[in-house]
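Data first, discussion second: the structure below is written as structure tokens.
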Amino acid sequence: MKISFSERALTVVAGIPRGKTLSYEQVAVLAGSPRAYRAVGNIMNKNENPNVPCHRVIKSDGTVGGYAHGTAKKKAILKREGAL
DNA sequence: CGTATGACGTGCA
DNA sequence: GTGCACGCCATAC
């Protein structure tokens, strides 16, 4: 199967250890396209992979950014994991 | 291929 | 610190 950029991004995010967070830009870089941070967010939003901790992906500013289940929930999870 | 969309990033007022 | 505009890339239609 051909691994699209989405697969790569999901794989990278899946490799984020607990209590750690990566910015969309970093994920895009690790995925192989430093300028695809836009696509990364798009993929995370449509992400159907439950094994991918997309909540650990935040903006480069350090802000939580967005979350399909609610930004408040995302912040709660990060705080719970000690990432925030 | 062209257009539209999006959980972004940077710059400037 | 806040708000707005532009650019950037991948995906869907």
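Note on naming: letters A, B, ... go to the chains in the order of the sequence lines (proteins, then strands), and numbering restarts at 1 for each one. When reading the values below, keep in mind they use all heavy atoms of this one structure, side chains included, and skip hydrogens, waters and symmetry mates.
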Review point. Of all the nucleotides listed (B:dA7, B:dG9, B:dG6), which has the minimum atom distance to the side chain of A:D61?
Key: B:dG9
Exercise for review: Would you mind reading off the distance between A:Y24 atom OH and C:dC8 atom C1', rounded to a whole angstrom?
Suggested key: 16 Å
Review point. Would you say the side chain of A:V13 lies within less than 4.5 Å of the side chain of A:N49, judging by non-hydrogen atoms?
Key: no
Review point. Which is true for A:K74 with a 4.0 Å heavy-atom rule: it touches a base, it touches only sugar-phosphate, or it touches nothing?
Key: base
Check your understanding: For the side chain of A:C54, counting heavy atoms from C-beta on, which of B:dA7, B:dG9, C:dA10 is nearest?
Key -> B:dA7
Exercise for review: Round to the nearest Å and state the distance from A:N42 atom CG to B:dT3 atom C1'.
Suggested key: 15 Å
Point to revise | Given C:dA10, C:dT11, B:dT10, the nucleotide with the shortest approach to the side chain of A:S6 | key: C:dT11
Review point. Is there a donor on the side chain of A:Y67 or the base of B:dA7 sitting less than 3.5 Å from an acceptor on the other?
Key: no
**Study point:** Whole angstrom value for the distance that separates P of B:dT5 from CD1 of A:I43
**Key:** 19 Å
Point to revise | Steps toward side chain to side chain contact (heavy atoms under 4.5 Å, CB included) verdict (A:Q26, A:V12) | key: CA-CA 10 Å; A:Q26 289 297 297; A:V12 173; over 6 Å; no
Review point. Do any side-chain nitrogens or oxygens of A:S33 fall under 4.0 Å of OP1 or OP2 in C:dC9?
Key: no
**Study point:** Distance test, side-chain N/O of A:S60 to OP1/OP2 of B:dT10, below 4.0 Å
**Key:** yes
Exercise for review: Could you check how far CD1 of A:I77 sits from C1' of B:dA7, rounded to whole Å?
Suggested key: 13 Å
Practice item. Measure from the side chain of A:N45, starting at C-beta and using heavy atoms only, and say which of B:dA7, C:dA12, B:dG9 lies closest. Key: B:dA7
Check your understanding: Which whole-number value in Å describes the distance from A:R35 CZ to B:dT10 P?
Key -> 11 Å
Review point. Do A:F5 and A:V40 come close enough that some side-chain heavy atom pair is under 4.5 Å?
Key: yes
Point to revise | Closest to the A:A39 side chain, choosing from B:dA7, B:dG9, C:dA10 | key: C:dA10
Exercise for review: Check for a donor-acceptor pair, side chain of A:Y24 on one end and backbone N or O of A:V57 on the other, with a separation under 3.5 Å.
Suggested key: yes
**Study point:** Protein-nucleotide distance (A:F5, atom CZ; C:dA12, atom P), rounded to Å
**Key:** 13 Å
Point to revise | Spacing between A:E25 atom CD and C:dG7 atom C1', to the nearest angstrom | key: 13 Å
**Study point:** N/O donor-acceptor pair under 3.5 Å between A:T11 side chain and A:E7 backbone
**Key:** yes
Study note, to complete from the structure: Whichever of A:T63 and A:V40 has the more 5' nearest nucleotide on DNA chain B, that residue is A:V40
Exercise for review: Give one of base, sugar-phosphate or nothing for A:S4, where a contact means two heavy atoms less than 4.0 Å apart.
Suggested key: sugar-phosphate
Check your understanding: Can you tell me how far C1' of B:dG9 sits from CD of A:Q26, to the nearest Å?
Key -> 13 Å
